[in-house]
Amino acid sequence: MNSKIWLSSPHMGGNEQKYVKEAFDANWVAPLGPNVDGFEKDLESYFNIEVKVAALSAGTAALHLALIECDVKHGDEVICQSMTFSASANPITYCGATPVFIDSEKNTWNMCPKALKEAIEDRISKRKKPKAIIVVHLYGMPAKMDEILEIAEKYEIPVIEDAAEALGSKYKNKACGTFGRFGILSFNGNKIITTSGGGALVCHTQEDKDKAVFLSTQARDNAPHYQHSFIGYNYRMSNIVAGIGRGQMEVLEDRVEARRKMHDFYINLFKNIKGVEVFTEPSEDFFSNHWLSAITVNPEIIGKNREDLRLTFLEDDIESRPLWKPMHLQPVFTDAPYYGTNIAEQLFNNGLCLPSGSNLSDEDRLRITNVIHSFFAVDKK
Ligand SMILES: *Cc1c(COP(=O)(O)O)cnc(C)c1O
């Protein structure tokens, strides 16, 4: 019996348990300690520009705190890329604000600068100037940051980069997560590196970081008793979890390389198959970590659709998954405004994410190849 091939599964480096053991040995079994400090330092020195990082319990928590620091309040509007995981948009609702969803563009599948500009101008004309812009680097692919930042600067709206899937990705040689006023990272179990569950907020000033740490540890004022002037949250990363993160940081570059090799494998696999396009960087300006490799399947050329392919993979116990269903099509967000031309919807209809883990074996790749060859009736030489 073949074992299941996952889309993306945890891949330990080896030293994670050493750091966790240190935490146990010193009894730092708490949401603070040397691993939390160490993991933050590891992340800070990983980025090629100076940043301050706050380690938190989840990427979702990081987004929530970023919105609070951008002063998003009840009744406000926040712009968000439509094609993304729901965790990009949910924190807007936690703040009592409304998301305004923006379509994708075809090259990067990320926020369309044209639709963004149209949305901002229309919201301003309705006296609802957006308080922040959440742009996502989907599947590790950098968004068109030059165009997006230019619009954001023109209208003086802060940008929050959801880089949950994009640790290790770069745009014009600058790391994703470091462009906006804030960047957020995720270390959930299926991400490029994992702490089992966790996230981080990337800041550009010590003040912004300190505020995030303050809010994430129940917003205690400086007093011997428990005194509170703000609503706090319990969002800090635990010292055990951070130990896993320190071990994973040692192998991050290897993981990026392995994911990019999986992408190369798919480029090669689909090279002679008409009607399938592998999602790839549009130019040298974009460097994706290829967290997930994805394809679009043209049913008019192939005569079968992406769901047929997904089910065929499943018969051999291989996981694949449709692209993120756009947020403006989700039942929970039906009332939210949307700007665009349904690019994201078309991508969702035809797109499929393929097994992309850094821990896949040659044998796994052979099984994937066999499914693809038989599905597309490729002659084996
Ligand atoms: C995983 C993910 C998140 C949420 O991160 P968690 O750590 O799971 O809370 C947010 N946005 C995107 C695009 C993600 O893929």
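It should be emphasised that the depicted structure is a prediction, and the values quoted were computed from it without experimental measurement. All ligand and atom numbering here is 1-based and tracks the order in the structure.
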Q) Looking only at protein heavy atoms, which one is nearest to atom 9 (O) of ligand 1, and how far off is it? A) Thr60 OG1, 2.4 Å
Q: Could you walk me through whether Glu40 and Arg236 pass salt bridge (Lys or Arg N to Asp or Glu O under 4.0 Å), step by step?
A: CA-CA 12 Å; Glu40 288 180 343; Arg236 193 69 163 133; 2.7 Å; yes
Q.
Tell me whether Glu118 is salt-bridged to Lys114, with the criterion being a basic N under 4.0 Å from an acidic carboxylate O.
A. no
Q: Can you pull out the closest protein heavy atom to atom 15 (O) of ligand 1? Residue, atom name and distance to 0.1 Å, please.
A: Glu165 OE2, 2.6 Å
Q: Give the atoms of ligand 1, by number and element, whose distance to some non-hydrogen atom of Gly59 is under 4.0 Å.
A: 5 (O), 6 (P), 7 (O), 9 (O)
Q) What is the ring orientation for Phe279 with Trp109, classed by angle as parallel under 30°, tilted 30 to 60°, or perpendicular over 60°? A) parallel
Q. Going by the order shown, which atoms of ligand 1 are within less than 4.0 Å of some heavy atom of Thr84?
A. 13 (C)
Q. Which atoms of ligand 1 sit under 4.0 Å from any heavy atom of Ser88?
A. 11 (N), 13 (C)
Q: Within a distance under 4.0 Å of any heavy atom of Asn188, pick out the atoms of ligand 1 and give their elements.
A: 8 (O)
Q.
So is Ala62 touching ligand 1 or not, going by heavy atoms under 4.0 Å?
A. no
Q: State, without any angle test, whether Arg123 and Tyr339 hold a side-chain donor-acceptor pair at a distance under 3.5 Å.
A: yes
Q.
Do Arg306 and Phe348 form a cation-pi contact, if we require the NZ or CZ to be under 6.0 Å from the six-membered ring centre and within 45 degrees of the ring's axis?
A. yes
Q: Would you mind telling me if ligand 1 is within reach of the side chain of Asp162, the backbone, both or neither, using heavy atoms under 4.0 Å?
A: side chain
Q) With distance as the sole criterion, is a donor-acceptor pair present between the side chains of Ser169 and His137 under 3.5 Å? A) no
Q. Quick one: does Gly199 get within less than 4.0 Å of ligand 1, heavy atoms only?
A. no
**Q.** Smallest separation among heavy atoms of Thr194 and Ile244, with atom names
**A.** O-CG2, 3.5 Å
Q. In terms of the angle between their ring planes, are Tyr338 and His328 parallel, tilted or perpendicular, with boundaries placed at 30° and 60°?
A. parallel
Q | Cation-pi, Tyr155 ring and Lys129 (6.0 angstrom, 45 degrees) | A | no
Q. If you measure from each non-hydrogen atom of Leu63 to ligand 1, which part falls under 4.0 Å: side chain, backbone, both or neither?
A. neither
**Q.** Residue pair Glu281 / Tyr171, side-chain donor-acceptor N/O under 3.5 Å
**A.** no
Q: Run the numbers for me: atoms of ligand 1, each under 4.0 Å from some heavy atom of Ala87, listed by number.
A: 3 (C), 4 (C), 10 (C)
(Q) Quick test: of every protein heavy atom, which one is nearest to atom 2 (C) of ligand 1, and how far off is it to 0.1 Å? (A) Lys191 NZ, 2.7 Å
Q.
Among all the protein's non-hydrogen atoms, which is closest to atom 5 (O) of ligand 1, and how far away is it?
A. Ser186 OG, 3.2 Å
**Q.** Any N or O of Trp291 closer than 3.5 Å to N or O of ligand 1
**A.** no
Q) Can you tell which of Ala164, Gly198, Ala166, Ala200 gets a heavy atom nearest to atom 3 (C) of ligand 1? A) Ala164
